[in-house]
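Just so you know, residue 1 is the first one in the sequence shown, and it goes up from there. Numbering of ligands and ligand atoms starts at 1, following listing order.
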Amino acid sequence: MSKIFVDACFRKETPYTPVWMMRQAGRYLPEYMEVRAKAGNFLNLCHNPEMAAEVTIQPLDIVGVDAAILFSDILVIPNEMGMHLEFIKGEGPVFKDPLKSQEELDNLLGGEEAANKLTYVYETIKLLKQQLPEDKALIGFTGAPWTLATYMIEGQGTKTYNVCKKMMYSNPELLHNILRKVTDVVKFYMEKQIQAGADVVQIFDSWAAAIEPGKYDEFSWKYMVEIAEFIKEKYPHIPVIMFPKGVAAFIERGLVYGNFDVFGVDWGTPMALAKEKLGDRYVLQGNMEPTRLYSKERTTECVEAIQNIMQGEGHIFNLGHGILPDVPVENAIHFVKECQRVSKK
Ligand code: CP3
C-alpha cells in the first residue's frame with residue numbers, strides 16, 4: 001500500500017496534501033502528559049521503546065496527522081557520545097561539562113560505536129513498524145551537526161551563541177573537528193534508523209539563524225548535505241527532508257544546493273519566496289506560524305493562503321516550527337482538517 005506522505009515527498013499525485021506538525025507528540029496532549037508521568041521524566045520516556053512508540057502514535061489517533069514522527073530527542077546523540085545530558089526543570093536541556101578542547105572531543109565516542117548505543121531508538125522504530133497503519137509513514141530524524149554542536153559547546157540553550165561563535169571566529173578548526181565527528185555519527189545513526197524501518201528522515205537545523213548567511217554553508221549546510229547525499233546514494237527510495245530554521249537570506253541569495261527531496265520552510269520565510277527559489281527542485285514543507293494555532297480563524301486564513309500559493313503541487317503542510325505546549329488540542333485538530341479540506345482534489 002502506498003503512503004500518501006512518501007508519495008508527496010516524491011511529488012507524486014495524492015488525494016490531498018498531507019499534513020503533520022513538528023513537535024506533534026508532546027505537552028499539548030493530556031495523553032502525552034499521562035505517559036510521561038508514568039515514565040517518570042522525559043529522558044526515561046525516550047529510553048522506553050513501548051512508551052515512546054505509544055506517544056509517537058497519539059497525534060495520529062487524536063489529531064489526524066498523515067505521518068508519525070519518531071518520539072525521541074536530537075540530544076540523545078551527544079549523550080551517547082559521552083556527554084551527560086540532563087533536563088532541568090525550567091531550564092531545558094543541560095550538558096554540565098561543555099566541550100572546550102580537542103582533547104575533550106577526542107575522548108568522546110565517534111562513528112558507528114556511538115550510533116550503536118542508540119539501540120532504544122531503533123527498538124522504538126521496530127515496534128512502530130508493527131503498530132502503525134500501513135498507509136502512514138514513519139519519520140525518523142536527527143539534529144544537524146551545527147545545532148547539536150551549539151548544545152555541546154554552550155552546555156545548554158543560548159540566546160547569543162557567544163561561546164560557539166567565539167570558537168567559530170577564533171578557533172574554526174576545533175569547531176570543524178566537532179562538526180566532522182558529529183556528522184560521522186549522524187550518518188550511521190540515520191542509516192540504522194532506516195534499517196530499523198524509518199520511511200523518511202528529517203534533519204533539524206533549529207539554530208541555523210545563528211550563523212551569518214555568508215558562513216552558513218561552511219559551518220552547517222555542507223555537513224547537512226553530506227549526510228543527505230550519503231543517505232540518497234544508499235537509500236534512494238527514502239525521502240530526505242532538510243529543515244534549516246531562519247535562513248530566508250540564504251534562500252534568497254540562491255545558496256541552497258544538494259541532493260535531497262523536501263525543503264522545510266520555516267515561518268519567517270514567505271512561502272512564495274521559497275516556491276520561486278526552490279519549488280522546481282524540491283518539494284516544500286510548511287509553513288504556518290505556529291502561534292496562529294491559538295486562533296481557529298487565523299489558522300484557516302493562513303492554511304488557505306498557503307494553499308493559494310502552492311496549489312497542492314510539490315507541497316506538504318506543516319507548521320513553520322514546533323507546536324507550543326499551551327495550544328488547545330481542538331485547534332490542532334482544526335489545523336489538520338483545514339489542510340486536508342482545502343487541498344482535497
Ligand atoms: O513530536 C515530535 O516532533 C518528535 C519528538 C521531538 C522532540 N524533540 C521531543 C521533545 C523532536 C523531533 C525533537 C527535536 C528537538 N529537540 C529539536 C529540534 C526541533 C526543534 O523544535 O527545533 C531541538 C532543538 C531539541 C532540543 C530540546 N529538547 C529542547 C530545547 C527541549 C526543551 C524545550 C521545552 O519545550 O522544554 C527538549 C525537550 C523535548 N523534546 C520535549 C519534547 C516533547 C519536551 C519534554 C517534556 O517536557 O516532556
How about [X] and [Y]: does a side-chain donor come under 3.5 Å of a side-chain acceptor?
X: Asp7; Y: Thr14; answer: no
X: Asn116; Y: Lys192; answer: yes
X: Glu218; Y: Tyr223; answer: no

Structural part of Lys245 in contact with ligand 1, heavy atom criterion under 4.0 angstrom: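 Contact part for Lys245 vs ligand 1: neither.
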
Structural part of Leu70 in contact with ligand 1, heavy atom criterion under 4.0 angstrom: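 For Leu70, the contact with ligand 1 is made by the backbone alone.
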
Note the single closest protein heavy atom to [atom], along with its residue, its atom name and the distance in Å.
atom: atom 40 (N) of ligand 1; value: Asp73 OD1, 2.7 Å
atom: atom 7 (C) of ligand 1; value: Ser72 O, 3.2 Å
atom: atom 22 (O) of ligand 1; value: Ser206 OG, 2.4 Å
atom: atom 47 (O) of ligand 1; value: Arg36 NH1, 2.3 Å
atom: atom 11 (C) of ligand 1; value: Phe141 CZ, 3.7 Å
atom: atom 41 (C) of ligand 1; value: Phe42 CE1, 3.7 Å

Aromatic Phe230 / basic Lys187 pairing, under 6.0 angstrom, 45° off normal: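 Yes, a cation-pi geometry holds between Lys187 and Phe230.
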
Backbone or side-chain N or O of Phe71 under 3.5 Å from ligand 1 N or O: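 In this structure, Phe71 places no N or O atom under 3.5 Å from an N or O of ligand 1.
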
Glu229 and Lys234 ion-paired at < 4.0 Å: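 Not counted as a salt bridge, because no side-chain N and carboxylate O are separated by less than 4.0 Å.
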
Can you list, pair by pair, the side-chain donor-acceptor contacts under 3.5 Å of residues 140-149, counting residues two or more places apart and other chains?
residue: Trp146; atom: NE1; partner: Trp207; partner atom: O; Å: 2.9
residue: Thr147; atom: OG1; partner: Asp205; partner atom: OD1; Å: 2.5
residue: Thr147; atom: OG1; partner: Ser206; partner atom: N; Å: 3.1
residue: Thr147; atom: OG1; partner: Trp207; partner atom: N; Å: 3.1

Residue that, paired with Thr300, satisfies side-chain hydrogen bond (donor to acceptor under 3.5 Å, both in side chains) out of Arg341, Lys337, Glu338: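 One option only clears the test, and that one is Glu338.
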
